[in-house]
Amino acid sequence: STVFNPLNILFFFFEPVLAFNLSRIIQLVVAGCFMYLLMRELFCDVYVSTIVGVICEFSIILGGARIEHHTIITTLSMVPMILYFLEKFRRSNKEKWLVFSSICMTIQFYAGFTQICLYFDIVLFFWILYILRENKYSVKKGLILVIKWGAIYLLLISIQLIPLIHLMLQSGRNEITWDYFSLYAYDLRILLMMFFPYAYSTLNEPFGGYHSSGID
């Protein structure tokens with residue numbers, strides 16, 4: 001993971017703590033600047049775009065809450081850039097912006113948290129379909145564009161994706177028992193308690209009989 005992160009080059013020139021801090025600063029600046037550009041592309045004025053960019057740059061999730069999970073921050077910091085290029089494509093119909101988005105997605109995959117990248121890529125796939133429908137592309141032309149977009153991405157990430165798949169096939173997770181797995185899970189019924197905190201509570205049986213493992 002993150003072997004091909006472009007920012008790793010900083011570690012060749014600076015001692016580890018300084019290189020880590022510089023990479024964090026670059027990620028925050030990139031996230032803030034491209035959020036600003038995305039807002040401008042959406043016709044927000046300079047002041048609103050600046051405020052949104054600053055909020056993004058210094059948000060809790062990017063600004064320190066997950067500082068120990070460097071790859072998660074890397075993944076999220078690339079989101080505004082990718083969305084910016086897709087928005088440029090939506091407004092111009094120029095394929096070069098799709099290529100730029102694929103390259104940015106590749107960097108995100110190289111440097112980021114693979115699980116989150118997968119979720120984000122699924123969202124982007126449906127977003128691309130929406131853009132093609134909105135811009136009245138024919139089924140044939142739209143399909144060709146989606147294939148091009150996906151093929152560039154898969155080709156560029158293959159150098160890291162293929163070893164990853166090989167590693168996954170050797171994973172020992174299949175040996176995890178249901179009892180062990182359930183320790184990290186929670187009863188879906190308690191989602192209702194986000195809106196109705198006392199939905200299952202009784203005087204004798206708090207949470208309707210649900211007992212936390214302490215981990216969930």
So does Ile9 have more than 12 non-hydrogen atoms from other groups sitting under 6.0 Å from CD1?
no
Other residues, nucleotides, ligands: >12 heavy atoms within 6.0 Å of Leu18 CG
yes
Pairwise side-chain contact, [X] with [Y], heavy-atom cut-off 4.5 Å (strictly under):
X: Leu145; Y: Tyr137; answer: yes
X: Phe4; Y: Thr106; answer: no
X: Leu83; Y: Met78; answer: no
X: Leu132; Y: Ile128; answer: yes
X: His70; Y: Ser23; answer: yes
X: Phe100; Y: Phe89; answer: no

Under 30°, 30 to 60°, or over 60°: which ring-plane class applies to Phe34 and Tyr84, parallel, tilted or perpendicular?
perpendicular
Spacing of [X] atom [atom1] and [Y] atom [atom2] [to the nearest 0.5 Å]:
X: Leu10; Y: Phe20; atom1: CG; atom2: CZ; value: 12.0 Å
X: Lys140; Y: Ile144; atom1: NZ; atom2: CD1; value: 5.5 Å
X: Tyr110; Y: Asn5; atom1: OH; atom2: CG; value: 11.5 Å
X: Cys117; Y: Ile157; atom1: SG; atom2: CD1; value: 8.5 Å
X: Leu86; Y: Tyr130; atom1: CG; atom2: OH; value: 13.5 Å

Provide the full list of ring pair (Phe, Tyr, Trp, His ring centres under 6.0 Å) pairs with a residue in residues 39-60, sequence neighbours left out, each pair given once.
none
Check whether Arg91 reaches the backbone of Glu41 with its side chain - one donor and one acceptor, N or O, closer than 3.5 Å.
yes
Taking Leu28's backbone N and O only, do any of them form a donor-acceptor pair with Arg24's side chain (distance below 3.5 Å, no angle check)?
no
I need the minimum non-hydrogen distance between Asn8 and Val3, along with the two atoms involved.
ND2-O, 3.3 Å
Only one of Leu38, Leu37, Ile82 clears side-chain contact (heavy atoms from CB on, under 4.5 Å) with Glu87; which?
Leu38
Is it the case that Thr74 and Gln27 place a side-chain donor and acceptor less than 3.5 Å from each other?
yes
